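Model, not experiment: these values are computed from the prediction. Scope of the values below: all heavy atoms of this structure, side chains included, with no hydrogens, waters or symmetry mates.
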Amino acid sequence: PGDPEAGELGLAAVPGREAAFRQGLAAAVQYARAVGCHRIHVMAGRVPLGADRAAVAGEMETTFIENLRYAADLLAQENMTGLVEPINNRITDPRYYLNTPHQAAAILEKVGRPNLKLQLDLFHCQIMDGNLSHNLYTYFPLIGHIQIAQVPGRHEPDSPGELNFPYIFELLESLGYTGYVGCEYAPKGDTLEGLGWLRSYWESRGLQHGRTSKAAE
């Protein structure tokens, strides 16, 4: 993530911070290797303070592409995958460089490395573009990780909001998604109590505590 005290949130697209990016990536690989994790979020970073987004977009994209190629080649040696995540700039972070799956897909195409994928957080995607079913169909070949949170409160999937998560989960299953779904939300209260939505979902699918029940078998 760079230096949070200096207002940084990633370095991969920030011109002039290439050396720090490589140092941070090397540390991330060490951590990932130690815990057996095979995916690393390569954070793009923020548009510099006082800069016009449109004026610096070209230089930031060039920096991002070069750093992503470097990262992909390093991660390939470790049998790891790099992930890029669009973060909405309407609510969460007005200065974040990477904002939509369309922008991310275009950059991944230019980078041209098979071990770089899209980390699609449906919270950010809904805020920036909506049209989730179409976007999941369109970008599914690029997706390496899914994250969820209800919109607009960013709480549990069964909290009041815009998204129909049982439908979304079934859509992901129909597309053949077999990866993790990260719970990137802020619990409204107690974390364990907040997981009641997951138990309810398991029961609706004939599952118990995440395992297939005898009836389902």
Side-chain angles (χ1 to χ4, degrees), residues 1 10 12 25 28-29 31-44 68 71-88 98-109 111-129 131-151 154-158 163-187 191 194-195 197-202 204-212 216:
L25 178 66
V29 167
Y31 283 120
R33 188 191 301 131
V35 300
C37 179
H38 296 283
R39 289 173 173 80
I40 293 179
H41 176 196
V42 185
M43 304 185 75
L68 285 175
D73 293 343
L74 178 65
L75 293 174
Q77 300 174 22
E78 303 283 343
N79 195 30
M80 294 178 183
T81 298
L83 302 169
V84 297
E85 178 189 11
I87 296 176
N88 82 82
L98 189 67
N99 305 131
T100 70
H102 323 296
Q103 180 190 7
I107 288 173
L108 289 175
E109 183 177 2
V111 173
R113 296 290 193 277
N115 66 325
L116 288 180
K117 296 290 185 178
L118 174 63
Q119 179 169 307
L120 190 64
D121 188 319
L122 300 185
F123 173 82
H124 297 303
C125 188
Q126 171 72 1
I127 290 171
M128 293 302 295
D129 191 60
N131 206 13
L132 290 185
S133 296
H134 175 77
N135 282 325
L136 283 169
Y137 280 116
T138 300
Y139 297 112
F140 187 75
L142 293 176
I143 293 175
H145 185 56
I146 293 283
Q147 291 177 322
I148 60 169
Q150 186 58 277
V151 179
R154 206 168 189 178
H155 300 308
E156 288 88 343
D158 63 348
L163 301 184
N164 179 352
F165 279 101
Y167 166 80
I168 289 171
F169 295 151
E170 290 183 15
L171 176 58
L172 287 171
E173 287 185 18
S174 72
L175 290 170
Y177 183 70
T178 58
Y180 288 103
V181 174
C183 296
E184 186 85 347
Y185 62 75
T191 298
L195 288 171
W197 70 267
L198 182 55
R199 288 188 289 271
S200 297
Y201 179 71
W202 283 339
S204 75
R205 304 302 305 277
L207 304 175
Q208 294 179 346
H209 306 294
R211 296 184 179 182
T212 305

Heavy-atom closest pair (P86 atom, P101 atom, distance to 0.1 Å) is CG-N, 3.8 Å
Nearest 0.5 Å, what's the CG-CD1 distance between L120 and I146?
4.5 Å
Mind checking side-chain hydrogen bond (donor to acceptor under 3.5 Å, both in side chains) for Q119 and listing every partner two or more places apart, or none if nothing turns up?
E85, Q147
Is any side-chain heavy atom of I168 closer than 4.5 Å to one of N164?
no
Which salt bridge (charged side-chain N to carboxylate O under 4.0 Å, His left out) pairs, counting each pair once, include a residue from residues 165-182, with sequence neighbours left out?
E173-R205
State which residues pass side chain to side chain contact (heavy atoms under 4.5 Å, CB included) with P187; sequence neighbours excluded, sorted by chain then number.
E156, Y185, T191
For Y201, check ring-ring contact (aromatic ring centres under 6.0 Å, His included) against everything at least two apart and list the hits.
F169
Side-chain donor/acceptor pairs under 3.5 Å, residues 134-141, sequence neighbours excluded:
from : atom 1 : to   : atom 2 : distance (Å)
H134 : NE2    : T138 : OG1    : 3.3
N135 : ND2    : D129 : OD2    : 2.8
N135 : ND2    : G130 : O      : 3.0
N135 : ND2    : N131 : O      : 3.3
T138 : OG1    : H134 : O      : 2.8
Y139 : OH     : H102 : ND1    : 2.5

Enumerate donor-acceptor pairs with a distance under 3.5 Å from any side-chain N or O in residues 72-84 to protein atoms, sequence neighbours excluded.
from : atom 1 : to   : atom 2 : distance (Å)
D73  : OD1    : R113 : NE     : 3.0
E78  : OE1    : R33  : NE     : 3.2
E78  : OE2    : R33  : NH2    : 2.9

Beyond-backbone contact of F123 with L163, side-chain heavy atoms, under 4.5 angstrom
no
Expected output: side-chain N99 to main-chain I87 donor-acceptor under 3.5 Å
yes
Measure from the side-chain N and O atoms of R39 to the backbone N and O of H145, and report whether any donor-acceptor pair falls under 3.5 Å.
no
Side chains of W197 and L195 in contact at under 4.5 Å (non-hydrogen atoms):
yes
Quick check for you: to the nearest 0.5 Å, what is the distance between L172 atom CG and I143 atom CD1?
7.0 Å
Taken to the nearest 0.5 Å, the spacing of L142 CG from K117 NZ works out to 6.5 Å
Closest heavy-atom contact between F165 and A149?
CZ-O, 3.5 Å
Can you name the nearest heavy-atom pair linking S133 to Y167, along with the distance?
OG-OH, 2.8 Å
Measure the CD1-CG distance between I107 and L98 for me, rounded to the nearest 0.5 Å.
5.5 Å
